[in-house]
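Report on one structure; see the data block that follows.
These figures come from a predicted structure and were not determined experimentally.
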Amino acid sequence: GAGVSQSPSNKVTEKGKDVELRCDPISGHTALYWYRQSLGQGLEFLIYFQGNSAPDKSGLPSDRFSAERTGGSVSTLTIQRTQQEDSAVYLCASSHQTGEDGYTFGSGTRLTVV
Amino acid sequence: DQQVKQNSPSLSVQEGRISILNCDYTNSMFDYFLWYKKYPAEGPTFLISISSIKDKNEDGRFTVFLNKSAKHLSLHIVPSQPGDSAVYFCAASARTSYDKVIFGPGTSLSVIP
């Protein structure tokens, strides 16, 4: 497609369950980013991929969070043993290598942990 | 510690008037700055950017001003339109390293018809 696609758009899960969030970047974009926005907060950087490698994982909040990217395209963000504080909108963005035109964001996955 | 700050959580402006959104940053390594606009239930969209070698960049009704010595930038929207009502995020990166962009907390702009 023409834009960044994220699925699911909404996810409600029980505390302690694992969730997988998917991001399909724009074709040809080598850089991929995950951010999250908690209620009333700004965008919090989680992780960045250049191709399939993640040179910066500094934003992952805990070892329950992991992400991978395969084939330089689709990325999956996995949250294990979800907690209520994980509830947020998880946003994926992609860009050309330089990113000077800014990122293109997807519409996000709204995760609610009950 | 917030590296990018937007001290006004919200702003209301009359249609046709100027909207000025402010942003401050603390990291002197930042040399590239961006503004994004976000509507509810949508992802942020890129609006305008400025490199640290410039102090002004204009695109239609949108102008970004950068004051490096004060570590301050602002977005001016003239004239403001009701469709500009959205949350505006200021963002910054250090282009010499990699593309990680740090976002501010956002300012919610309401343009009143």
Side-chain angles (χ1 to χ4, degrees), chain A residues 1-10 21 23-26 29-51 53-60 67 88-110, chain B residues 1-10 21 23-27 29-54 57 59 62 64 75 86-108:
Chain A
V4 176
S5 177
Q6 290 187 247
S7 61
S9 54
N10 278 286
L21 312 180
C23 173
D24 246 303
I26 290 174
H29 279 188
T30 58
L32 185 148
Y33 313 81
W34 284 97
Y35 285 81
R36 75 174 176 182
Q37 184 177 22
S38 303
L39 189 64
Q41 302 297 312
L43 298 175
E44 176 189 4
F45 170 80
L46 297 179
I47 190 169
Y48 150 69
F49 287 93
Q50 186 61 252
S53 65
D56 190 345
K57 302 180 182 179
S58 63
L60 294 177
V89 176
Y90 288 81
L91 290 158
C92 174
S94 69
S95 72
H96 292 294
Q97 185 170 0
T98 61
E100 288 193 354
D101 293 333
Y103 301 166
T104 301
F105 278 88
S107 297
T109 294
R110 180 174 294 279
Chain B
D1 180 34
Q2 264 189 351
Q3 298 186 64
V4 179
K5 302 176 184 181
Q6 293 176 259
N7 293 323
S8 297
S10 62
L21 297 100
C23 176
D24 298 287
Y25 61 96
T26 58
N27 189 339
M29 296 298 291
F30 288 149
D31 54 8
Y32 191 67
F33 306 90
L34 311 96
W35 284 93
Y36 284 79
K37 180 168 77 171
K38 185 181 185 301
Y39 294 118
E42 295 183 12
T45 55
F46 170 71
L47 195 56
I48 193 170
S49 64
I50 188 167
S51 163
S52 60
I53 61 173
K54 296 183 177 180
N57 189 24
D59 184 1
F62 302 90
V64 56
L75 175 68
V87 176
Y88 288 79
F89 291 99
C90 173
S93 71
R95 305 294 296 153
T96 51
S97 56
Y98 44 74
D99 290 320
K100 184 172 80 174
V101 173
I102 306 298
F103 285 80
T107 295
S108 178

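Residues Q50(A) and Y48(A) are in side-chain contact: their nearest non-hydrogen atoms beyond the backbone lie under 4.5 Å apart. When side chains are defined from C-beta on, V101(B) does not count as touching Y33(A), because their heavy atoms never get closer than 4.5 Å.
In terms of heavy-atom proximity, Y36(B) sits nearest to Y103(A) at OH-N, 2.7 Å.
Interface residue L91(A): only side-chain heavy atoms are found under 4.5 Å from chain B. Residue contact with chain A, scored on non-hydrogen atoms closer than 4.5 Å, is absent for A91(B). Looking at Q37(A), only its side chain comes within 4.5 Å of chain B, counting heavy atoms on both sides.
When G43(B), P44(B), S108(B), P105(B) are compared by the number of non-hydrogen pairs under 4.5 Å with chain A, P44(B) comes out ahead.
Between the side chain of Q6(A) and the backbone N or O of Y90(A), at least one donor-acceptor pair lies under 3.5 Å.
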